[in-house]
Every structure is written in structure tokens, then in C-alpha cells.
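Computed over heavy atoms, backbone and side chain alike; hydrogens, waters and symmetry mates excluded. Just so we're on the same page: letters track the sequence lines, and every chain starts at 1.
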Amino acid sequence: MSYFERMDAVHMDILKEIGNIGAGHAATALSKLLNKRIEMTIPDVRIISFDEMMDIVGGADNVVAAVFLRIEGDAPGNMFFVLSIEQAERFIQQMTGDEQFKLEQDCSELPLSALQELGNILAGSYLSSLSDFTNLNLHPSVPALSIDMIGAILSYGLIEMSRVGDHVIVVDTAIHEEHQPDDRVNGHFFLLPDPESFHIIFRALGVEHDE
Amino acid sequence: MSEIVQVVKVGIADMNIVKAPHVIRTCGLGSCVGVVVYDLTKEVAGMAHVMLPDSSLAKSENMNVAKYADTAIEELIRRVIEAGGRNGHLKAKMAGGAQMFQFRTGTTDMMRIGPRNVEAVRQQLQRFRIPIVAEDVGGSSGRTIEFHPKTGILLIRTVNQGVREM
């Protein structure tokens with residue numbers, strides 16, 4: 001845990017603020033795109049084990065739709081936009097106008113690329129606001145979409161972290177559509193900076209962090 | 001009269017041992033490899049959820065042996081033998097090592113981690129002369145696997161293809 005022992009409350013607050021700004025912009029973009037109100041939780045910054053990370057989204061074999069992109073530039077890392085299957089279907093229905101759309105019946109190119117593009121726009125707005133805020137050069141890779149078990153998907157984002165320890169620092173912001181019958185959280189933005197990126201982010205914001 | 005069957009769980013970068021009639025399971029393998037070493041006559045098995053190919057990738061001192069192929073296989077064999085398995089009777093099955101995402105650009109070594117994990121596990125099993133009886137590796141799907149030490153059957157579940165036995 002030595003890596004994480006150097007994190008204090010100030011550092012955690014900075015990461016929270018980053019999640020707030022990033023996901024706030026992304027939620028606004030989503031809201032404009034769908035012409036719907038999107039609500040967002042206060043970002044949660046946690047230092048957790050890999051298994052606990054999977055539990056946030058229903059356990060390692062829960063099936064989700066996820067857009068993954070690699071953050072390149074000054075502070076590399078990984079970003080995931082994770083949706084429950086129902087929520088992914090609802091977004092696709094709203095974007096394509098096909099109200100009967102179901103993922104298991106239709107795996108054709110168009111709805112999936114609509115979902116991928118949605119993830120691209122949201123992650124892009126998350127990252128560009130983060131880049132403005134920190135004055136760091138950050139740009140997203142081409143996003144990749146996967147509909148599969150969450151454990152199989154998220155473990156990609158844990159590879160860099162796993163070389164340092166058995167825990168991960170995750171900036172988690174949950175979103176949900178307003179007026180959904182179930183008040184469940186239906187989407188997550190996960191920001192997972194590479195281990196080396198934390199002190200770069202902190203320094204860019206004028207807070208020292210021993211490397 | 002019959003004993004309740006328990007499912008022993010193996011987390012990410014974790015390993016565990018099971019004896020019949022109980023079963024052992026790990027969920028959501030992507031680029032990770034799930035490897036089982038077992039002795040069918042003694043009905044004992046161990047499973048590891050390997051995340052990285054080699055412990056030289058580690059950047060910290062206190063190391064989790066279950067995380068790396070080279071350290072996990074050795075420890076797994078030691079623990080199966082400790083639980084009653086016999087050297088020379090051990091066999092292995094493995095699954096996982098998928099490439100979940102295809103990127104058009106920048107396929108770095110870390111992106112190819114699935115195939116590298118598979119290769120590393122294979123090498124380690126060879127080093128200890130443990131035959132791989134069955135494997136389901138590669139592809140681009142996540143897998144959940146469950147091993148039954150009584151029968152030696154490995155169940156593999158994927159999202160699109162349901163459950164298969166091997």
C-alpha cells in the first residue's frame with residue numbers, strides 16, 4: 001500500500017473535483033444529445049481492491065456495455081463509460097428512434113456504432129474539460145466498445161495499476177436518467193490514471209506529491 | 001446424506017484449493033488466464049486467476065504471487081501437492097487470455113496482454129512437466145470458469161455461446 005499512503009485528504013479532494021468537472025461536462029453533453037435531464041452523483045474516489053472494483057458494477061460476471069479508451073498525453077490512463085444493458089438499449093432507442101431495439105436480438109453495426117459514438121462524445125468532453133482544468137495535454141485514443149462481463153472488460157484498465165500493487169484508485173461518477181421508474185444508477189464513468197500520472201496531475205494543480 | 005456443494009471463489013490475481021465434492025470458480029476472465037492444476041484420482045484441484053505474464057513486470061516489493069504466471073504456477077503446484085495431489089499425476093486445464101478490445105492504432109505490449117499471459121502459463125506448465133489436457137484461450141469474449149475436481153470437468157461460460165464443458 002506504500003504508493004497510496006502518500007495520498008492525503010487534499011489529494012483525494014482534487015481527484016473528486018476532477019471527477020466532478022469531467023463527468024459534469026459529459027453529463028451535460030449527454031443531456032443535450034438526448035434532450036433529457038441527466039442526473040449525476042457526487043464523484044466517489046476510492047482506493048479499492050480489484051474485486052471490490054468489480055462489485056461496484058454488480059460483480060465480475062455481470063454483463064454490461066462499456067466504452068473503453070486509453071488516455072494519451074501528459075498523464076496517461078484509462079477511461080471507461082459503463083452502462084447496464086437496459087440503459088444502453090434505452091440510449092440506442094433514443095438515438096436511432098427504434099423503440100423496440102434490444103441488444104440480444106440485434107447486434108448489427110448501426111446501433112452499436114451509435115453507442116460507441118455516444119461513448120466517444122462523452123469521454124471526449126470529460127477529457128477536454130479535464131485538460132482545460134489541469135492545463136495538461138490529454139487526448140483520447142479511438143474508443144472501443146464491448147458488451148461482455150464487466151470483469152473481463154475492466155481488467156484491461158487495471159493492468160498498469162496491478163504492476164504497482166493490488167489496489168486501484170478509481171474516480172467513479174454515476175449517472176442516471178431523470179424520471180426512470182427504477183431509481184437505480186445506470187451508468188458509470190471510471191477514470192483510472194496510470195500510477196505515474198497522479199503526481200503529474202497534482203503538480204499541474206499546484207499540489208506537491210512525493211514521487 | 002449428501003454434502004452441500006460449496007463453490008470456492010477465486011478473485012482477480014488470487015488462487016485457491018478445492019476438494020471434491022466442492023467446486024471452484026473464477027468470474028469474468030478477459031485478458032487474464034484461469035488455470036487449473038488437479039489430481040483426478042485424489043479429487044483435488046487448485047485454480048489461479050493470473051493477470052500478468054511475468055513477475056519482472058512488478059514495480060513493488062511486496063508481491064502477490066498469484067498475479068504473475070511465473071510465480072503463480074509454482075505456488076499452485078506446491079499447494080495442490082500439500083492438499084494431497086501427487087507429483088507426476090498432475091494435469092492442467094486453462095481458459096482466458098482474450099483480447100477484449102481491438103485498437104486500430106497503438107497496439108502496445110500491454111494491449112496484447114492476453115496472448116502473452118497464455119504463452120507464459122503454457123511455458124510454466126511445461127517447466128514443471130504438467131500436461132495441458134484442455135484449453136480454451138484467445139478470442140474476444142469474457143469467460144467465467146468452474147472446475148469440478150470429482151469429474152475433472154471444466155465448465156466455461158461466455159456471454160454469446162452459453163456454457164461449454166471440457
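Side-chain contact, A/S49 with A/D51: no donor N or O sits under 3.5 Å from an acceptor N or O. At a cut-off of 3.5 Å, with distance as the only test, a side-chain donor of A/D172 or A/H188 sits close to an acceptor on the other residue.
Under the side chain to side chain contact (heavy atoms under 4.5 Å, CB included) criterion, A/L205 pairs with A/I14, A/I18, A/F133, A/T134, A/I201, sequence neighbours left out.
Considering only heavy atoms from C-beta on, A/I150 stays 4.5 Å or farther from A/I56 through its side chain. Counting heavy atoms from C-beta outward, A/L130 and A/L191 have side chains that approach closer than 4.5 Å.
Residues of residues 73-84 of chain B having a heavy atom under 4.5 Å from any heavy atom of chain A: none. Near-neighbour residues of residues 152-166 of chain B relative to chain A, defined by a heavy atom under 4.5 Å from a heavy atom of that chain, comprise B/R157, B/T158, B/V159.
Of the two parts of B/M100, the backbone and the side chain both hold a non-hydrogen atom closer than 4.5 Å to a non-hydrogen atom of chain A. Contacts between B/S140 and chain A at a heavy-atom distance below 4.5 Å involve the backbone alone (N, CA, C, O). Heavy atoms closer than 4.5 Å to chain A are found in the backbone of B/L29, but not in its side chain.
Taking a cutoff of 4.0 Å between a charged side-chain nitrogen and a carboxylate oxygen, A/R46 and A/E52 do not qualify as a salt bridge.
Residue pairs that meet the salt bridge (Lys or Arg N to Asp or Glu O under 4.0 Å) test with at least one member in residues 83-99 of chain B, sequence neighbours left out, are B/D39-B/R86.
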